[in-house]
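See below for the structure under consideration.
Since this is a predicted model, take the numbers as computed values, not measurements. Chain letters run A, B, ... following the sequence lines, proteins first and then strands; every chain starts at 1.
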Number of protein chains: 2
Amino acid sequence: MLSELPKKDARNSQKAREAILDAAERAFAELGFGGASIRGIARDAGVNQAMIHYYFQNKDQLYDEVIDRRAGAVNAQRNAALDRLFAEGVPTLEKLMEALLRPTIEMGHDETRGGSAYARLVVSFSNSADERSQNMTSQHYDPIASRSIAAMRKVMPELDMAAAVRAYLYSISVALSVMARTGRAARLSQGRCNDSDTEEIVGATVAFSCAGIRALAMQAVNQFDEKVE
Amino acid sequence: MLSELPKKDARNSQKAREAILDAAERAFAELGFGGASIRGIARDAGVNQAMIHYYFQNKDQLYDEVIDRRAGAVNAQRNAALDRLFAEGVPTLEKLMEALLRPTIEMGHDETRGGSAYARLVVSFSNSADERSQNMTSQHYDPIASRSIAAMRKVMPELDMAAAVRAYLYSISVALSVMARTGRAARLSQGRCNDSDTEEIVGATVAFSCAGIRALAMQAVNQFDEKVE
DNA sequence: GTCTATAGTTCGATAGAC
DNA sequence: GTCTATCGAACTATAGAC
């Protein structure tokens, strides 16, 4: 009877787990995997150092769980948006790209739940070629990427596989760069271009990506024509 | 007389310096600043650990010199290309963007001189928001960025400052992502889209960027019209 | 679940011989 | 310029008391 209710310790431990993940997210984003330390994370989270090993065994698994927590949330949003869009037929390219890019950008701008630390983290490992980073990317993001690429080809049948993959990767790289919010836009424009207005940025990245994708489709068609002639 | 000729030790030391920079570049790219170790770099470069402190004092200055060596080379190319282009009047957007993006992409594809390690390194710190990375970016890349943004506005006067800064940052993020060559394109396309054909990639990124920039310019003009009406 | 204590590494940096 | 030797600090991880 009583044992089925959450015990005080269990509630606390859940809090501790989340606090560790939050602190680890900040540390990995700021210092990289190699530069972050279990000690520092424990101090930041307000827990004993040994607790991190109790909950997460070691540094590698902690890293994996930090990424899994956020990637799961974003990709669920993106999958749901795709389901909704294609339930009503084939959407426009603009609708499709907004469905794919908005959740990513919004998470990076979600200051309150620490999303911006994850933003910097995902930008970092998704652009890295070392084995750990590639494992994280392929494990957590390749499935939604494949589905997105297939969706783009439904919307724009002119895109061959190579062009569609490029179109997706280029678009995502733009979204990731605005997700990271390094403050460089404000610096280069003397404040005339901030990186905090979410709606403005979603609009700009969607417009930029869609125009770019159409240009890649044109290239693919022209190359095909050249071969036929 | 003899003292004006390079001494044997001086020649050797120059070799050692370069070997250290090469090894450090690989280590920082693969493991991050925090994850790389002076010991490992020394082993990789085939020099004594103490030599690194002799030549570079400490880890921070070593990092700075690694970046400075490559950034200087790329930016010299980009500046020269801009000089050449504008000497003959105002170029097309395509010519301008190719001048800006090609040196970046080609360095990432220059396997022989280790450029691909630097590629991964520059992608990593240019997308990071921590203080060290921001210092590196602003110190080594903000000047050419400002000049590029001004050049883009000359070619496309419809771009206001905010739109031009976005246009530049979005385009560069695409070029950086292909520069890093993580192998993801090949993975997602089952080999139908490689990330090694430099000319094909320059063509695709320039086409993607120019179309995206024109879309941003359209947005800026439309917003202006809305305010006027 | 929470903590202390500590084993066992590895790190950056320097001193000093040659 | 090059090397060995080493200091002092930080690190991951675990054992074991409570």
Inset, instruction - Measure from CD1 on B/Ile52 to P on D/dG1 and round the result to the nearest Å. - result: 16 Å
Inset, instruction - Report yes or no: does A/Thr205 contribute a side-chain atom to a donor-acceptor pair with the main-chain N or O of A/Val202 at less than 3.5 Å? - result: yes
Donor-acceptor list for residues 123-130 of chain A side chains, cut-off 3.5 Å, not counting sequence neighbours:
from	atom 1	to	atom 2	distance (Å)
A/Ser126	OG	A/Val122	O	2.8
A/Ser126	OG	A/Val123	O	3.4
A/Asn127	ND2	A/Val123	O	3.3
A/Ser128	OG	A/Ser124	O	2.7
A/Asp130	OD1	A/Ser133	OG	2.8
A/Asp130	OD2	A/Ser133	N	3.3
A/Asp130	OD2	A/Ser133	OG	3.2

Legend entry - Phosphate contact (D/dT2 OP1 or OP2) by B/Tyr55 side-chain N/O below 4.0 Å: yes
Legend entry - Pairs where residues 173-190 of chain B contributes a residue and the test salt bridge (charged side-chain N to carboxylate O under 4.0 Å, His left out) is met, not counting sequence neighbours: A/Asp142-B/Arg184, A/Asp142-B/Arg187, B/Glu111-B/Arg181
Legend entry - Between D/dT2 (C1') and B/Tyr54 (OH): distance, integer Å: 9 Å
Legend entry - Qualifying side chain to side chain donor-acceptor pair (under 3.5 Å) pairs, either residue in residues 24-39 of chain B, two or more places apart: B/Glu25-B/Arg70, B/Arg26-B/Asp44
Inset, instruction - Could you tell me the separation between the CG atom of B/Asn48 and the C1' atom of D/dT6, rounded to a whole number of Å? - result: 13 Å
Inset, instruction - Mind checking ring-ring contact (aromatic ring centres under 6.0 Å, His included) for B/Phe33 and listing every partner two or more places apart, or none if nothing turns up? - result: B/Phe28, B/Tyr63
Legend entry - Whole angstrom value for the distance that separates C1' of D/dT14 from CZ of A/Phe56: 18 Å
Inset, instruction - Determine, for nucleotides 12-18 of chain C in 5'-to-3' order, which nucleotides have protein heavy atoms under 4.0 Å from the base (write B), from only the sugar-phosphate (write S), or from neither (write -). - result: BBB----
Inset, instruction - Identify, with sequence neighbours excluded, every residue that meets salt bridge (Lys or Arg N to Asp or Glu O under 4.0 Å) alongside A/Arg113. - result: A/Asp110
Legend entry - Rounded distance (Å) that lies between atom P of D/dA10 and atom CZ of A/Arg43: 9 Å
